[in-house]
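The structure appears below as structure tokens.
Residue numbers start from 1 in every chain, and the chains themselves are labelled A, B, ... in the order their sequence lines are given, proteins ahead of strands. Given the structure is predicted, the values throughout are model-derived calculations rather than measurements.
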Amino acid sequence: MTAARHPTLSEYLKHNPGTEGHGPWPRVRLVTDTWMALINRLATAPWDLLAEWADGDTVLAAVHDGTDGAVAVLSLTSQGGRFPSLSGSWPSAIRLERTITDLSGLTAEALGDTRRWLDHGTWPVAQPLGAATARPCGLLPLPYTFLPVEGEGLHQIPVGPVHAGIIEPGHFRFTCFGEAVVRLEDRLGYTHKGIEALMTGADVDRAARLAGRVSGDSTVAYALAFARAVEAASGTVVPARAHWLRALMAELERIANHLGDIGAVCNDVAFAVMYAHCGVLRERVLQAAGACFGHRLMMDRVVPGGVTCDLDAAGGRRLFALVKELRPRFEELVDLYDGTPSLQSRMLNTGTIRPELVRQWAAGGFVGRAAGRDFDARRSPGYEPYPQLEFTVPVREEGDVNARVMIRILEVRESLNLIEQLIRGMPAGPVRGPVTVADDQRHEGMSVVEGFRGDVLVWLRLRPDGTIGRCHLRDPSWFQWPLLMVAIDGCVVADFPLCNKSFNCSYSGHDV
Amino acid sequence: MLKLLLKSLLTRPPTVRAPAADPGALEALGRRLEARSRARLGRSLAIREVDAGSCNGCELEVHALNNAVYDLERFGIRFVASPRHADVLLVTGPVTTNMREALKRTYDATPDPKWVVAVGDCAADGGVFRGSYAVTDGVANTVPVDLYLRGCPPTPEQLLSGLLALLDSVA
């Protein structure tokens with residue numbers, strides 16, 4: 001323990017006030033000296049890096065202080081396309097800054113890893129969010145240099161991008177000594193669709209449809225994060241009922257995904273009965289969502305200004321009945337999970353990550369909460385209607401596969417309770433209002449929303465005509481993938497599917 | 001565990017009845033498939049799923065085909081782990097430039113006769129991602145497509161009736 005007390009982010013913001021035009025949290029414009037001072041401060045201050053991206057020639061970083069709940073965006077105008085890297089204090093910035101170079105063309109100084117990340121060399125343009133210059137490209141991706149591994153008796157197993165199961169594409173390079181994994185390195189970017197470039201210049205409605213397709217399993221969370229960012233940037237007030245309907249859909253999405261994950265993790269240790277039963281329960285949730293909101297995954301239901309659907313009395317009864325049906329059936333499965341030693345023997349002490357690492361990377365969702373990081377965006381920084389609802393945020397310390405499953409189990413219970421509260425307490429009134437682009441200075445907005453996988457962050461800048469000037473979407477997986485590579489250390493290759501499923505990181509959300 | 005098993009014995013299965021084969025898809029396929037290859041496969045199809053850059057929404061619904069409610073395997077259709085074992089490639093996503101080569105190689109690794117089913121709106125023409133520098137606006141720009149199953153994402157019922165149409169055509 002160091003003796004000196006670290007300044008909180010709130011204290012820092014007192015001395016470094018934000019500029020106008022950014023909501024709901026301040027944006028502080030730094031110069032090279034104060035940016036460097038920030039980097040030095042970060043070496044000791046326990047602030048989380050939430051995101052780092054570029055807008056034109058400016059680099060921006062979103063930070064969060066877990067001790068006082070403060071959030072801020074810090075920005076620096078690059079000099080000649082260069083800016084000092086944050087990666088010395090925050091290793092989680094490495095991939096973010098490699099991506100900034102790929103997409104925007106800015107270079108992070110003193111960044112140790114300068115390999116391309118999302119850019120595999122197959123795009124017809126270089127730096128699509130920056131100069132966007134045409135370049136020759138082939139069908140074949142450029143070769144990629146994996147981190148070196150040396151030693152006698154080592155062998156490598158390349159896996160992907162096309163995998164054996166019905167899952168998303170990505171490449172994993174295992175280096176093994178016998179069956180033990182010595183190093184695992186992931187290579188992602190295969191599902192990069194250029195969504196942020198498509199958003200630039202798009203109107204808010206089209207951009208909302210794109211946001212809802214960043215990661216299909218989190219379509220409600222992404223649509224919600226995008227809508228909240230637009231509303232923050234434009235000063236739009238959303239009707240109360242819309243907030244409650246949004247939360248209702250978000251909790252249904254959480255339950256459906258957690259049920260799928262719990263079953264799939266068990267299936268990866270050949271315990272198919274859990275998979276089968278969880279699959280049926282998940283299907284019940286999706287059917288109810290389809291019946292009540294007109295789309296099984298609830299795509300395009302959350303839009304800037306509110307929601308596009310309402311819930312009538314029959315819909316409310318149907319969701320009540322769903323909760324009543326799920327609760328006892330789910331508890332039976334939890335008993336089965338808890339009471340099966342062969343399951344426990346594979347899941348306990350497998351794929352363990354240390355709490356320090358989770359804190360350092362600000363890993364969200366069940367990955368963070370299974371290893372002691374008590375963070376849930378619904379509670380802090382918080383958003384409507386969650387301050388009016390009762391729920392607890394489960395946290396465990398072990399950081400293994402079992403802990404990640406247990407967090408999901410506990411969260412399913414919480415979300416079932418939340419659904420009942422949401423239907424009972426839902427205020428009457430309109431569900432959608434107009435999005436009014438403010439004519440004052442304010443035009444940048446950010447939001448942090450708790451999806452099933454963790455905190456989804458969206459930052460955007462609106463143009464005066466109401467179209468998108470720049471939108472950045474950061475998936476929770478950015479800070480979870482690298483920890484999966486650590487979790488597998490020393491495990492046998494056969495444990496990888498199990499560890500991987502317990503993380504269930506998004507490829508599409510990460511690759512955008 | 002015993003209680004669960006007992007309950008499974010005493011309750012009706014959750015499986016839904018088979019939907020009718022999609023007549024539109026049947027017609028489209030009838031034109032493409034040769035009688036010779038129809039006779040060869042019997043009523044059995046092995047499918048290799050390839051995500052060519054989808055948002056993962058289609059994968060969720062393709063997954064649902066395997067749950068006890070839709071139970072795809074009762075029709076003789078199953079998902080296999082390797083293109084070498086597959087009759088059908090089921091491709092999702094707009095085909096990103098970064099996945100194009102992998103999709104092509106997977107297609108080349110699939111033995112003849114083979115069929116390609118493009119699932120979802122973005123597999124058809126790029127969908128909402130159409131025109132992006134990073135996507136190639138649909139599966140047909142990389143490998144020949146035999147059947148389109150549209151939707152964003154298509155529901156399991158839609159997928160099921162499309163695949164049954166494929167089965168009827170090749171069987």
Side-chain angles (χ1 to χ4, degrees), chain A residues 118 120 122-125 128 132 137 139-141 160-169 189-195 197-198 206 209-210 212-219 260 273 275-277 279-280 282-284 286-287 290 296-297 299-300 332-333 335-336 339-340 506-509 511, chain B residues 1 3-5 7-8 14 47-70 79-83 90 92-94 96-106 109 120 122 126-136 142 152-153 155-156:
Chain A
L118 298 183
H120 293 194
T122 64
W123 309 333
V125 291
C137 63
L139 186 65
L140 274 173
V162 178
H163 296 295
I166 304 170
I167 60 166
E168 299 182 82
Y190 290 93
T191 70
H192 177 76
K193 292 180 272 294
I195 291 176
L198 285 173
R206 162 150 168 79
R209 285 178 59 78
L210 283 164
R213 286 158 181 79
V214 170
S215 182
D217 53 16
S218 305
T219 179
V273 64
Y275 181 62
H277 281 281
V280 172
R282 175 185 156 83
E283 183 61 30
R284 299 293 292 161
L286 297 189
Q287 285 172 346
R296 284 160 55 88
L297 304 179
M299 268 180 177
D300 305 322
E332 276 181 321
L333 297 181
D335 286 346
L336 180 59
T340 307
S506 172
Y507 300 69
S508 184
D511 296 348
Chain B
M1 182 82 177
K3 240 169 49 187
L4 255 180
L5 290 176
K7 210 153 110 191
S8 303
I47 303 181
R48 170 66 263 207
E49 203 266 356
V50 181
D51 177 337
S54 89
C55 75
N56 194 30
C58 287
E59 274 64 39
L60 296 176
E61 296 298 50
V62 171
H63 252 297
L65 289 177
N66 282 327
N67 71 27
V69 177
Y70 301 106
F79 288 92
V80 293
S82 165
L90 194 155
T92 65
T96 58
T97 58
N98 286 350
M99 269 307 286
R100 200 173 184 186
E101 173 68 12
L103 172 61
K104 209 176 145 291
R105 286 193 199 176
T106 307
C122 43
V128 291
F129 310 113
R130 188 178 176 82
S132 164
Y133 63 89
V135 310
T136 59
T142 301
C152 189
T155 62

Report summary line: In this structure, CD of A:Glu283 is separated from NE2 of B:His63 (nearest 0.5 Å) by 13.0 Å
Query raised in the report: In terms of heavy-atom proximity below 4.5 Å to chain A, should B:Ser82 be classed as side chain, backbone, both, or neither?
Result: neither
Report summary line: Rounded to the nearest 0.5 angstrom, the CD-NE2 distance for B:Glu101 and A:His120 is 13.5 Å
Report summary line: Looking only at B:Ala52, B:Gly57, B:Cys55, the option with the highest number of non-hydrogen pairs under 4.5 Å against chain A is B:Cys55
Report task. Against chain A, label B:Cys122 side chain, backbone, both or neither, depending on which of its atoms sit under 4.5 Å from a heavy atom there. Result -> neither
Report summary line: In terms of heavy-atom contacts, A:Gly194 and B:Ala134 come closest through N-CB, 3.9 Å
Query raised in the report: Checking B:Thr96 side chain against A:Tyr190 main chain: does a donor-acceptor pair fall under 3.5 Å?
Result: yes
Query raised in the report: How far does CZ of A:Arg296 sit from CD of B:Glu61, to the nearest 0.5 angstrom?
Result: 4.0 Å
Requested in this report: Give me the ring orientation class for B:Tyr133 and A:His192: parallel if the planes are under 30° apart, tilted from 30 to 60°, perpendicular past 60°.
Outcome: tilted
Report summary line: Bottom line for A:His163: the part with an atom under 4.5 Å from chain B's heavy atoms is backbone
Requested in this report: Measure distances from B:Asn67 to the heavy atoms of chain A and classify the residue's part below 4.5 Å as side chain, backbone, both or neither.
Outcome: side chain
Report task. Apply the test side chain to side chain donor-acceptor pair (under 3.5 Å) to residues A:Ser215 and B:Asn56: give CA-CA distance (whole Å), side-chain angles for both, the deciding distance (0.1 Å), then the verdict. Result -> CA-CA 6 Å; A:Ser215 182; B:Asn56 194 30; 5.2 Å; no
Report summary line: Bottom line for A:Arg213: the part with an atom under 4.5 Å from chain B's heavy atoms is both
Report summary line: Turns out that what part of A:Leu118 lies under 4.5 Å from chain B's heavy atoms comes down to backbone
Report task. Taking the side chain as every heavy atom from C-beta outward, state whether B:Leu4 and A:Leu333 have any atom pair closer than 4.5 Å. Result -> yes
Query raised in the report: Are any side-chain N or O atoms of A:Lys193 and backbone N or O atoms of B:Ser132, one a donor and one an acceptor, separated by less than 3.5 Å?
Result: no
**Report entry** The single option from B:Arg48, B:Glu49, B:Arg105 passing side-chain contact (heavy atoms from CB on, under 4.5 Å) against A:Val162
**Finding:** B:Arg48
Query raised in the report: Do B:Pro14 and A:Arg284 come close enough that some side-chain heavy atom pair is under 4.5 Å?
Result: no
Report summary line: B:Gly131 and A:Leu198 have their tightest heavy-atom pair at C-CD2, 4.5 Å
Query raised in the report: Considering all heavy atoms of both residues, which atom of A:Pro169 and which atom of B:Gly53 are nearest to each other, and what is their separation?
Result: CG-N, 4.5 Å
Report summary line: Counting heavy-atom pairs under 4.5 Å with chain A, the top scorer among B:Thr106, B:Val135, B:Val80, B:Leu60 is B:Leu60
Query raised in the report: Is there a side chain to side chain contact (heavy atoms under 4.5 Å, CB included) between B:Glu59 and A:Asp217 once you walk through the steps?
Result: CA-CA 9 Å; B:Glu59 274 64 39; A:Asp217 53 16; over 6 Å; no
Query raised in the report: Side chain, backbone, both or neither: which part of A:Arg282 has a non-hydrogen atom closer than 4.5 Å to chain B?
Result: side chain
Query - Contact origin within B:Pro153 toward chain A - heavy atom pairs under 4.5 Å - result: both
Report summary line: Applying a strict 4.5 Å limit to non-hydrogen atoms, the region of A:Tyr507 in contact with chain B is neither
Requested in this report: Can you measure from CD1 (A:Ile166) to SG (B:Cys58) and round to the nearest 0.5 angstrom?
Outcome: 12.0 Å
Report task. Identify which of B:Val69, B:Thr142, B:Thr155 forms the greatest number of heavy-atom pairs closer than 4.5 Å to chain A. Result -> B:Val69
Report summary line: Bottom line for B:Thr92: the part with an atom under 4.5 Å from chain A's heavy atoms is neither
Query - Considering all heavy atoms, the nearest B:Val128-A:Leu210 contact - result: O-CD2, 3.6 Å
Report task. Over all heavy atoms of both residues, which pair between A:Trp123 and B:Thr97 is shortest? Give the atoms and the distance, please. Result -> CD1-OG1, 3.1 Å
